[in-house]
2 protein chains.
Amino acid sequence: MVMNRKCILRLSRYKNALKRLKALGFVKVFSGNLADAAGVTSSQVRKDFSLFGITGNRRGGYKVDELVLRIREILGKNEIHKVVIIGIGNIGNALLRYKGFETGGIRIVAGFDIDPSRYQPERPVPILPLDEFRSYVESNEIKIGILAVPDVAAHHVSEIMIAAGIKGILNFAPIQLRGADDVVISNINLEVELENLIYFVNVADKSVPALVTEDD
Amino acid sequence: MVMNRKCILRLSRYKNALKRLKALGFVKVFSGNLADAAGVTSSQVRKDFSLFGITGNRRGGYKVDELVLRIREILGKNEIHKVVIIGIGNIGNALLRYKGFETGGIRIVAGFDIDPSRYQPERPVPILPLDEFRSYVESNEIKIGILAVPDVAAHHVSEIMIAAGIKGILNFAPIQLRGADDVVISNINLEVELENLIYFVNVADKSVPALVTEDD
DNA sequence: CAGCTATTGATATATTTTTCACAATAATTC
DNA sequence: GAATTATTGTGAAAAATATATCAATAGCTG
Ligand SMILES: NC(=O)c1ccc[n+]([C@@H]2O[C@H](COP(=O)([O-])OP(=O)(O)OC[C@H]3O[C@@H](n4cnc5c(N)ncnc54)[C@H](O)[C@@H]3O)[C@@H](O)[C@H]2O)c1
Ligand SMILES: NC(=O)c1ccc[n+]([C@@H]2O[C@H](COP(=O)([O-])OP(=O)(O)OC[C@H]3O[C@@H](n4cnc5c(N)ncnc54)[C@H](O)[C@@H]3O)[C@@H](O)[C@H]2O)c1
């Protein structure tokens, strides 16, 4: 099947948009509504849907509830996914404390660090020594991990994660991680994002307006 | 000129990679070195460079120092850029405390919130009432702002930012912000990123390995 | 310093992604 | 219930992006 990462990212956005539309009282939506809410074209929405065999009613649009369910199913979001964090510093703590993931079916179950002053093994979401990472991940069948350690440690820690059986890594360290073939890595590089904004704000300042609105 | 956002993002990555290569003692690099470090092809590197008129020596590659300087120049990074944050909660605080931006020419100069218990006007990086946002931004000529308020407040706050003259917004709220034509918005949606990982880890589990390594 | 070799830079080719266009058709109107 | 209309679903076209190719050439070798 032809389907790429961008398309999946959009599916997630459609799901978010649907949540908001539903809150506004929408029972059915047209591709155009979703397009507006997600900032894409209606063709794009329909194309994405056709790629996954999502169908609506000609002239009747899509039923919000059915659509959400179908997208959640595709994204594997009808079950709760357990996620761990390595590196409980600024970013790691912010994520650990964030309540918003749970409603989306994502549960942070544990944090790991090498700094003993960070350990809090008794809390509902325990912070444990890195030594215990492998056994924890194996016995709890964790597949997704967030990497939030300093850049110098990032490569080393990513290897520990992969060795323990982690298959998806969300990396905050400002280096480009290269994983094994069956490991998916998503790099969040905030400095690069800011640099990008700076660039486009600068060129817009100097010359023609850039008209750019982007994401990911 | 034909140049897109992805290309600028790669330029930033090349710059990061160069920093690391330089630390390893590299004085000159070939497109292949950079390609490896940044996780792209060497054609891609040369194509990107040619877009910006960056030239090297046939058979001699590129001099690291010159290259870094040239890229910094293109990205507008030879001066320090001032950035403000609105919403000093989990994420806002993590960013405020992060020391890594400064070395990259990005300085967080102030934070803003509506919760009086957050105010800290006396600190080197003050946390001020949102009321003071506009005058601060105007008098300090701030062009870039980070938005880290709850989703329900995000749209409203983005309008305040734009009205005050902010031209680039890094948005952490899980909604797709739509800006004015001359405002660049970069949306960081961590839940979407995690959902994406979950999806690809799931499909890899079920069928063929996905072989996906991606970013932004 | 002539010949050889590796690398750039530019052009051509391939691939991916998005948009367009429109027939099929379900809802609505008269 | 026939005519009208709005919207989907999809194949085709276009645009954007990435890769491959290769002549030109700077540096190296002997
Ligand atoms: N904080 C931010 O706003 C921000 C912004 C951009 C990028 N980043 C990146 O995110 C990462 C984390 O940043 P931070 O500000 O949270 O850093 P931090 O220094 O606050 O926290 C890092 C944590 O990782 C732990 N750690 C160090 N080595 C470890 C190892 N080998 N195994 C396990 N834990 C280890 C430390 O004990 C510490 O608790 C860094 O790579 C940073 O460059 C952070
Ligand atoms: N913390 C995370 O790990 C995380 C993860 C994903 C997404 N996010 C998103 O990032 C945003 C911030 O998350 P957080 O965890 O830091 O939230 P938070 O609740 O910890 O902090 C939000 C801050 O914004 C302030 N605020 C609220 N309304 C405001 C307004 N109108 N003007 C100015 N300030 C206002 C609050 O006083 C608070 O200090 C949210 O949209 C959240 O969905 C956060």
Please tell me which of A/Ile54 and B/Arg46 maps to the more 5' nucleotide of DNA chain D, matching each residue to the nucleotide holding its nearest heavy atom. A/Ile54

Taking the side chain as C-beta and beyond, is there a heavy-atom pair between B/Leu170 and B/Val83 under 4.5 Å? no

List in chain and number order the residues that pass side-chain hydrogen bond (donor to acceptor under 3.5 Å, both in side chains) with B/Glu138, two or more places apart in sequence or in another chain; answer none if no residue qualifies. B/Arg134

From NZ of B/Lys47 over to C1' of D/dT19, roughly how many Å is that when rounded to an integer? 9 Å

Expressed in angstrom and rounded to an integer, what is the separation of A/Phe30 atom CZ from D/dT8 atom P? 7 Å

Within this structure, what is the CG-to-P distance between B/Leu51 and D/dA18, rounded to whole angstrom? 11 Å

Round to the nearest Å and state the distance from B/Lys63 atom NZ to D/dA26 atom P. 14 Å

My understanding is that only residues two or more places apart in sequence, or in another chain, count here; which of them pass side-chain hydrogen bond (donor to acceptor under 3.5 Å, both in side chains) with A/Glu66? none

Can you list the steps and then say if A/Arg10 with B/Glu195 is a salt bridge (charged side-chain N to carboxylate O under 4.0 Å, His left out)? CA-CA 11 Å; A/Arg10 280 195 300 266; B/Glu195 279 183 5; over 6 Å; no

In whole Å, what is the span from the CG atom of B/Asp48 to the P atom of D/dT19? 10 Å

Mind checking what makes side-chain contact (heavy atoms from CB on, under 4.5 Å) contact with B/Tyr136, not counting sequence neighbours? B/Val84, B/Val109, B/Ala110, B/Phe112, B/Leu128, B/Asn140, B/Ile142

Under 4.0 Å protein heavy-atom contact, by nucleotide of nucleotides 25-30 of chain C - B base, S sugar-phosphate only: BBBS--

Between D/dG9 atom C1' and A/Phe52 atom CZ, what is the distance in whole Å? 16 Å

Sorted by chain and number, sequence neighbours left out, side-chain hydrogen bond (donor to acceptor under 3.5 Å, both in side chains) with B/Ser158 holds for none

According to a strict under-4.0 Å criterion, is B/Tyr62 in side-chain N/O contact with OP1 or OP2 of C/dG9? yes

Check: residues 89-97 of chain B side-chain donor-acceptor pairs under 3.5 Å, at least two apart:
{"from": "B/Asn93", "atom 1": "ND2", "to": "B/Ile88", "atom 2": "O", "distance (Å)": "3.3"}
{"from": "B/Asn93", "atom 1": "ND2", "to": "B/Gly89", "atom 2": "O", "distance (Å)": "3.2"}

Under a 4.0 Å heavy-atom cut-off, which of residues 31-44 of chain B touch DNA chain D? B/Thr41, B/Ser43, B/Gln44

Mind checking what makes side-chain hydrogen bond (donor to acceptor under 3.5 Å, both in side chains) contact with B/Lys82, not counting sequence neighbours? none

Kindly say whether, by distance alone, the side chain of B/Lys6 makes a donor-acceptor pair under 3.5 Å with the base of D/dT17? no

With sequence neighbours excluded, what pairs up with B/Ala153 under the side-chain contact (heavy atoms from CB on, under 4.5 Å) test? B/Val149, B/Val157

